[in-house]
Structure formats: C-alpha cells, structure tokens
Chemist: 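Here's a structure for you.
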Number of protein chains: 2
Amino acid sequence: MARTQGSHSDITGPRVRDAALRLFARHGYASVSMRQIANDVGVQAGALYNYTPDKQTLLFDLMHMHMTSLLSAWRAQAPDKKIPAIKRLESFARFHIRINTQRADAVFLAYMELRNLTSENFEHIGRLRREYENELEDIMHQGNEAGVFAVDEPRISAMAVIAMLNGVNVWFRESGRLSLDAVEEHHLKLVQRVVALKP
Amino acid sequence: MARTQGSHSDITGPRVRDAALRLFARHGYASVSMRQIANDVGVQAGALYNYTPDKQTLLFDLMHMHMTSLLSAWRAQAPDKKIPAIKRLESFARFHIRINTQRADAVFLAYMELRNLTSENFEHIGRLRREYENELEDIMHQGNEAGVFAVDEPRISAMAVIAMLNGVNVWFRESGRLSLDAVEEHHLKLVQRVVALKP
DNA sequence: GTCTATAAGTTGATAGAC
DNA sequence: GTCTATCAACTTATAGAC
C-alpha cells in the first residue's frame with residue numbers, strides 16, 4: 001500500500017505496532033529492520049519515529065501492552081477468591097489457553113524477546129510476568145489448604161503448568177485435527193492431574 | 001586472549017562453536033556478529049571462515065549436533081522397549097531433565113532459533129525433533145495398551161510433557177533453593193500425574 | 001505527518017600477504 | 001591458519017523540505 005506525500009495521521013500508530021508485532025514474532029526483533037516495518041505499513045522509515053522514539057522502545061511497548069492487558073483481562077474475569085480452588089483453577093487454565101491462541105504473536109514475543117530488552121526494561125517485564133504467575137500460585141495454595149489439591153511445590157508447579165499450557169502454541173493450528181475447544185478440554189484435564197485434584 | 005600472527009590450529013574449531021553457542025544462546029543469533037564471536041575466541045573475524053562457510057551454517061551445525069547427540073544419548077541409555085512403560089517413562093523424564101540443565105545453551109538454541117534457519121535447514125531440524133518426540137509418544141502408547149496409563153491424546157500429551165520439562169530451564173539455577181535432584185524428583189512426579197499413572 | 005537525503009556506524013564475507 | 005584490508009550492503013536515527 002504505497003503512499004504519496006502528505007498527512008495520513010488516521011491510524012498509523014496502531015498499524016506500526018501491528019506490523020512490528022507480527023514481524024518481530026515471525027522473524028525475531030534483531031532480524032527485522034525499521035525499513036521492513038515501514039514497508040509493511042506503507043510509509044518511509046523516517047515516519048516511524050513519529051510513533052516511537054526508537055526500536056527498543058517499540059519492542060518494550062509491545063511487550064508491556066501485552067502483559068498489562070493480560071493481567072487486566074484476567075483480573076476482570078477471574079472468579080472471586082472465595083470460590084473453590086477447583087473452579088478457580090479451571091477458570092485460569094481456560095483463560096490462559098484462550099489468550100495464548102488468540103494473541104499468539106504477543107505471547108510469543110513476550111517470552112522470546114526478553115534477551116533483547118535493556119536490563120531496565122527486562123526487570124519491568126519480569127515483574128509483570130511474576131504477577132501473573134502469582135495468580136496461579138495463589139490458587140495452588142488455596143487448593144492445598146482446602147485439601148483438594150496435593151501440590152508439593154506451589155511456585156514451581158505453577159510454572160510447570162504455565163510452561164505446559166504455553167506449549168500449545170508451538171503446534172496448535174486452527175486447521176488442525178483438534179479444535180481449540182477440544183485442546184482446551186484436554187489440557188484442562190492435564191492441569192487437573194498435575195495438581196492431583198481429588199475427583 | 002589476544003593472538004599474534006601465525007598458525008594456531010590446535011583447537012580453534014571447537015572453540016569457535018563453543019563461543020557461538022554461548023553467544024547465540026545469550027543474545028540471539030541475529031544479534032551476534034561474526035566479529036563478536038571472533039573476539040570471544042581470540043582471533044580476527046576472517047579466521048572464522050576456516051571453520052564454517054557462513055554464519056547460517058554455523059547455526060545449523062550447532063543445532064544439528066545438539067539434536068543428533070541428544071537422540072544418540074537417549075538411545076544409548078534408553079531401556080529396552082520390553083520393559084514396563086512406567087519404567088521407560090521414568091527413564092525418559094530423568095534423562096530429559098538432566099540433558100536440559102547440562103546442555104542449557106544448546107537446548108535453548110535448538111528451539112529458540114528455528115526462525116533463523118533457512119527453510120531447508122528448518123525441515124531438517126524439525127525431523128530430528130519429531131524423532132525425539134516420537135520416543136515419548138511410543139512410551140505413552142505402550143502404557144495405554146498395558147492399562148497402566150490413561151492418556152487421551154498420546155502425541156499431544158507427549159508434547160505437553162516435553163514443554164513442561166523444558167520449562168525448568170527458564171528458572172532453574174544451580175545456586176537456587178532446590179537442587180537438581182530435588183527438581184528431578186518433583187517433575188518426575190508431575191509427569192507421572194499427567195499420564196494418570198495407576199499407583 | 002510524511003517525505004527525501006544523509007550521517008555514522010556495523011554487517012557478512014572475501015582477497016591476498018605472511 | 002591467521003592476519004590486515006577492504007567491499008558493498010545494510011543498519012538506526014536525524015534534519016529539514018513540503
């Protein structure tokens with residue numbers, strides 16, 4: 001979509017972020033040049049700097065937006081802490097699988113490109129990630145205390161569950177043998193087995 | 001370790017691969033220049049081309065060496081297919097956790113840098129990865145047939161288990177609260193829960 | 001807000017001396 | 001086998017015209 005000279009302020013900002021997200025996820029941050037992003041958006045490279053001070057900030061903003069929207073989406077729909085751990089666990093597992101497939105590029109970026117963040121930005125994203133992990137760890141503790149789970153190491157088991165669920169993104173395709181619904185049901189069962197849910 | 005002019009053929013080849021492995025794993029393939037690798041080894045950039053025709057081949061060789069040595073190490077110590085699935089599963093889980101922590105850089109590279117392989121090289125590494133996954137899938141099938149596992153989807157469950165075990169590398173440190181032995185025992189238990197091992 | 005032009009530096013890879 | 005020197009292409013980011 002080539003452009004001629006002039007003002008086209010419409011929605012270039014979001015389009016820059018969309019293009020960067022997709023290209024970074026597909027080829028890797030370091031492999032994608034500002035020219036490639038500009039070309040994808042349909043502007044010249046210089047124009048990108050109206051929307052980001054530099055490439056590093058563009059990466060950080062994408063990761064930061066993903067993590068904060070992940071946390072707020074979960075908190076908006078998370079069941080009250082007073083309801084049984086088994087229901088909260090199910091809710092978390094279903095939410096995580098859905099988000100992972102709906103926002104595959106952002107999820108991929110947020111844990112593949114940590115190496116390319118400055119140390120300050122790395123710490124910031126790391127804190128948000130830990131906040132999210134804490135949500136699941138809290139559910140593990142509650143289930144243990146209620147005597148419905150048998151989790152030896154709540155923190156480590158929470159990370160094991162998240163790693164297992166993130167693995168879906170490696171192979172899942174809409175066009176594959178299993179529907180997303182089927183994958184969700186299957187992995188929910190695996191998660192329940194990991195916490196040794198008393199049936 | 002600066003060098004002066006002359007022949008130092010000793011062990012430069014392995015040192016180039018060691019440096020490349022470490023730097024690629026730490027900073028990402030695309031972020032590391034041939035000059036950085038050369039500097040780490042203690043030679044000038046031009047000298048690297050005595051050991052690899054180009055940067056892409058260097059990456060591919062590192063990944064290929066890891067995958068083939070992974071497969072042959074497993075096959076060398078894998079229990080006979082006639083022994084019970086429960087023992088084979090335990091053997092696989094322990095082997096995988098050990099390898100993952102012993103060769104953390106290679107493991108990291110082999111699944112983080114797939115994007116930076118040419119399509120031909122990508123296919124090649126993908127086949128080796130599938131061979132490895134097949135080893136675990138085979139164990140799942142055997143356990144199901146023997147009636148000791150209750151795995152609904154052997155292929156997908158195999159990948160879920162591998163994803164869960166790979167997750168250890170994200171947080172495990174030798175200096176951390178848990179020893180590698182403790183982590184191995186803990187995750188073995190999680191794996192056994194995932195296959196719903198009858199106790 | 002976007003363009004063109006450009007600065008200043010880095011990149012992968014090669015050629016030829018030693 | 002390693003060095004130095006070099007090339008052509010590419011990089012991020014900026015300046016100033018429109």
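We name chains A, B, ... by the order of the sequence lines, and we start the count at 1 in each one. Note that the structure is predicted; figures quoted are calculated from it, not measured.
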Chemist: Does the pair A/Arg115/B/Glu113 count as a salt bridge with the N-to-O cut at 4.0 Å?
Modeler: yes

Chemist: Does a side-chain N or O of B/Tyr51 approach OP1 or OP2 of D/dT2 to a distance below 4.0 Å, or not?
Modeler: yes

Chemist: Without decimals, in angstroms, what is the distance between A/Ile37 CD1 and D/dA13 P?
Modeler: 10 Å

Chemist: Quick check on salt bridge (charged side-chain N to carboxylate O under 4.0 Å, His left out): which of A/Arg26, A/Arg17, A/Arg22, A/Arg15 does A/Asp40 satisfy it with?
Modeler: A/Arg22

Chemist: I want to verify a distance call: between C/dC3, C/dG12, D/dC3, whose nearest atom is closest to the A/Ala47 side chain?
Modeler: C/dC3

Chemist: Where each residue is assigned the nucleotide of DNA chain D containing its nearest heavy atom, which of A/Ala45 and A/Ser33 is assigned the position nearer the 5′ end?
Modeler: A/Ser33

Chemist: May I have the distance from A/Asn39 (atom CG) to C/dT4 (atom P), rounded to whole angstrom?
Modeler: 13 Å

Chemist: How far does CD of B/Glu137 sit from CD of B/Gln142, to the nearest 0.5 angstrom?
Modeler: 13.0 Å

Chemist: Looking at D/dT14, C/dT14, C/dT4, which one has an atom nearest to any side-chain atom of A/Tyr49?
Modeler: D/dT14

Chemist: Which nucleotide in the set C/dG1, C/dC3, C/dG12 lies at the smallest distance from any side-chain heavy atom of A/Val43?
Modeler: C/dC3

Chemist: List the steps and the verdict of side-chain hydrogen bond (donor to acceptor under 3.5 Å, both in side chains) for A/Asn116 and B/Ser31.
Modeler: CA-CA 8 Å; A/Asn116 284 308; B/Ser31 299; 3.1 Å; yes

Chemist: Salt bridge or not for A/Glu135 and A/Arg130, using N-O below 4.0 Å?
Modeler: no

Chemist: Can you list, by residue number, the residues of residues 52-60 of chain A that have a non-hydrogen atom closer than 4.0 angstrom to DNA chain D?
Modeler: A/Asp54, A/Lys55

Chemist: Are A/Arg75 and A/Glu131 close enough for a salt bridge, meaning some N to O gap below 4.0 Å?
Modeler: yes

Chemist: Between P on D/dA13 and CG on A/Leu48, what's the gap in Å once rounded to a whole number?
Modeler: 10 Å

Chemist: Starting at atom CD1 of B/Ile11, determine the distance to atom P of D/dT2, rounded to an integer number of angstrom.
Modeler: 11 Å

Chemist: Restricting to nitrogen or oxygen on both sides, can you table the protein-nucleotides 5-8 of chain C pairs closer than 3.5 Å?
Modeler:
none

Chemist: Can you tell me which nucleotide in C/dC3, D/dC3, C/dT2 comes closest to the side chain of A/Thr12?
Modeler: C/dT2

Chemist: Hey, what do you get for CG (A/Leu48) to CE (A/Met34), rounding to the nearest 0.5 Å?
Modeler: 5.0 Å

